[in-house]
Novice: 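Here you go, one structure.
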There are 2 protein chains.
Amino acid sequence: MSNTLTTKTAVTCENCNLDTLCLPNGLQRTEIGALGQLVKRDNIRRKGEIIYHVGSSFRGIIALRSGSAKLVSIDSNGNEIVVNFILPGELLGFDGLALQTHQCTAIALETLSFCHLSAHYLDSSAIDTAFLNQALLQRASDQFDSQVQKMMLIRRPAEERVASFILKISERLKARGYSALEFRLTMSREEIGNYLGLAHETVSRIINHFQALQMIEVKSRQLKIINKKKLLGFYEE
Amino acid sequence: MSNTLTTKTAVTCENCNLDTLCLPNGLQRTEIGALGQLVKRDNIRRKGEIIYHVGSSFRGIIALRSGSAKLVSIDSNGNEIVVNFILPGELLGFDGLALQTHQCTAIALETLSFCHLSAHYLDSSAIDTAFLNQALLQRASDQFDSQVQKMMLIRRPAEERVASFILKISERLKARGYSALEFRLTMSREEIGNYLGLAHETVSRIINHFQALQMIEVKSRQLKIINKKKLLGFYEE
DNA sequence: CGACGCTTTGAGGAGATTCAAGACACGTGG
DNA sequence: CCACGTGTCTTGAATCTCCTCAAAGCGTCG
């Protein structure tokens, strides 16, 4: 692994800059080292390519190292809904845990790289599984909490949903070391609308309305937050 | 525990009639016995009483033995939404797992009883925690899957949501040994509407519309499914 | 048996969708 | 480097679904 052609030095869990966000968070130093042995790195996908497909057997938990992805669910009529967007440092794959078969499809929104913690080791005792299981359980529950939060958001008026969406993306990017106030959306209006339960025209209208109100500046997918308080005010009244 | 005043013999995990639905499902006989030692039984709540409250510290996973409950989430503005309804044999409490603090409130819809697997033992090694952790992980993931399913449902037209709701309750009751075609709803129209993202008047209208179409028979909360195919047809076109 | 809460039913209105068309951005090839 | 084409984004107008408000009917429980 150390003789790659990249200019970077080999990345392990021990020196990964996402370690505080990713699964190792909370593990002992030695355990992180052990975990590092079990992880497959340097997986790459390009825009539109699939990370895993609905119905495929669960192969493990995935940690996004760079780039972004969307998690979509498809019902029996072929309706596709965006369950979540995944940013660097975030985990992916919990939809395959319960039934050992993925219930969703994960698709790259841009070029991305990810690490892969093989399912084989999730129930083996290669490392202190008690702690790892605990961590996984927490992450899985966290996914549940997020869905509940999203459910609450979907009940709110369209403008609140969009305001909240912008602010949440901002927060998540900030937590990962990116600018909180100026960033590029990697998903289309259509995908945002699908995620928020709105038509893409509605999303577009509201985003431009926010711009007219001096809350944000938008140019296509480039977004700049001008007045965070006003945005917050939309759903904290 | 065996010297209770009830007429039933003492219930343990080993002789509980919900064993195939509850957590022990898949455990070894001896492990079920061990698990039984850790469970607090005979907890009772009456209609409207709280099982656990949002913000309270996580004390463990709960298995509903009889009766039904609702799981509600409350946002910063005091808006209350019904996240889920819980039927006998179903598990509860996963909203407290990630942050060790409950994110939701669980409330009895009628008189109910439940078992309580103390959180203290979830990370101790009193029994084969590898297996139990695995089981818990699967249940937690299952909760996530359910929320994704619900998310998809909420995108559908109101009539589909109600049809799906009726059929899902029917299936869940059937799996627990109750009649699949005739049952009593333990929740109000208001609560159904809240759960499905509809006004209670809309729920009422649609239920009565279904009755006019000879799909169901309704008398207040008593419900009888007359034509399951027609109901299915509403969202499987 | 009376009161309260839940359910039903109707009318009107608001918010978001759908349909349609034009503007813009981006990647491709000349 | 620019022209072109495709897909994305914007904007407008008409429509529709579902909500809100209002009031009456029913059921349930003290």
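Each chain gets a letter, A, B and so on, in the order its sequence line appears, and its residues count up from 1. Only this structure's heavy atoms are used, side chains among them; waters, hydrogens and symmetry mates stay out.
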Novice: Contact class for B:R205 (heavy atom, under 4.0 Å): base, sugar-phosphate, or nothing?
Specialist: base
Novice: Which pairs, protein N/O on one side and nucleotides 4-7 of chain D N/O on the other, fall under 3.5 Å?
Specialist:
none

Novice: Are any of the side-chain heavy atoms of B:S73 and B:Q103 separated by less than 4.5 Å?
Specialist: no
Novice: Should we count CZ of A:R176 as having more than 12 external heavy atoms under 6.0 Å?
Specialist: yes
Novice: Does the side chain of B:D95 reach to within under 4.5 Å of the side chain of A:D145, using non-hydrogen atoms?
Specialist: yes
Novice: Using a cut-off of strictly less than 4.0 Å, decide whether A:S204 has a side-chain nitrogen or oxygen near OP1 or OP2 of D:dC9.
Specialist: no
Novice: Separation of A:L223 atom CG from D:dC9 atom P, in whole Å?
Specialist: 13 Å
Novice: Could you tell me whether the side chains of B:S68 and B:E110 share a donor-acceptor contact shorter than 3.5 Å?
Specialist: yes
Novice: Send over the distance from A:Q222 CD to C:dC24 C1', rounded to a whole Å.
Specialist: 16 Å
Novice: Specify the separation, in whole Å, of atom CZ of A:R161 and atom C1' of C:dG15.
Specialist: 10 Å
Novice: Counting only heavy atoms not in B:R59, do more than 12 fall under 6.0 Å of its CZ?
Specialist: no
Novice: Starting at CD of B:E159 and ending at C1' of D:dC18, how long is that distance when rounded to a whole Å?
Specialist: 12 Å
Novice: So, using side chain to side chain donor-acceptor pair (under 3.5 Å) as the criterion, who are the partners of A:T105 when residues are at least two apart?
Specialist: none
Novice: Taking 4.0 Å as the cut-off, does a side-chain nitrogen or oxygen of A:R221 come that near to OP1 or OP2 on D:dC9?
Specialist: yes
Novice: How long is the line joining CZ of B:R155 and P of D:dT17, in whole Å?
Specialist: 19 Å
Novice: Is there side-chain contact between B:R189 and B:I207, with at least one heavy-atom pair below 4.5 Å?
Specialist: yes
Novice: Assign each of A:S220 and A:A158 to its nearest nucleotide of DNA chain C by heavy atoms, then name whichever residue's nucleotide is nearer the 5' end.
Specialist: A:A158
Novice: So if I take the C1' atoms of five pairs at each end of the helix from C:dC1-D:dG30 to C:dG30-D:dC1 and get each local axis, what angle do the two axes make, rounded to 10 degrees?
Specialist: 50°
Novice: So do A:I107 and A:R45 actually touch side chain to side chain, heavy atoms under 4.5 Å?
Specialist: no
Novice: Output the rounded distance in Å from NZ (A:K219) to P (C:dA25).
Specialist: 6 Å
Novice: Please work out which residues in residues 181-200 of chain B have a non-hydrogen atom less than 4.0 Å from an atom of DNA chain D and list them by number.
Specialist: B:G197, B:L198, B:A199
Novice: Which residues in residues 208-217 of chain A have at least one heavy atom lying under 4.0 Å from any atom of DNA chain C?
Specialist: none
Novice: Near A:K230 NZ, under 6.0 Å, is it more than 12 heavy atoms from other residues, nucleotides or ligands?
Specialist: yes
Novice: Atom CD1 of A:I206 to atom C1' of C:dT17: distance rounded to whole Å?
Specialist: 12 Å
Novice: Mind checking whether B:M151 and A:I81 have side chains closer than 4.5 Å, heavy atoms only?
Specialist: yes
Novice: Checking B:R155 against A:I154 for the side chain to side chain contact (heavy atoms under 4.5 Å, CB included) test, could you report, in this order, the C-alpha distance in whole Å, the side-chain angles of both residues, the deciding distance, and whether it holds?
Specialist: CA-CA 10 Å; B:R155 307 296 171 85; A:I154 298 256; 3.7 Å; yes
Novice: Evaluate the ring planes of A:H102 and A:Y52, with Trp represented by its six-membered ring, and classify them as parallel (under 30°), tilted (30 to 60°) or perpendicular (over 60°).
Specialist: parallel
Novice: Which pairs count as side-chain hydrogen bond (donor to acceptor under 3.5 Å, both in side chains) when at least one residue sits in residues 161-173 of chain B, sequence neighbours excluded?
Specialist: B:E90-B:R172
Novice: Once you round to the nearest 0.5 Å, how far does CG of A:L167 lie from CG of A:L231?
Specialist: 5.0 Å
Novice: Rounded to whole Å, please give me the gap between CD in A:E201 and P in C:dC19.
Specialist: 10 Å
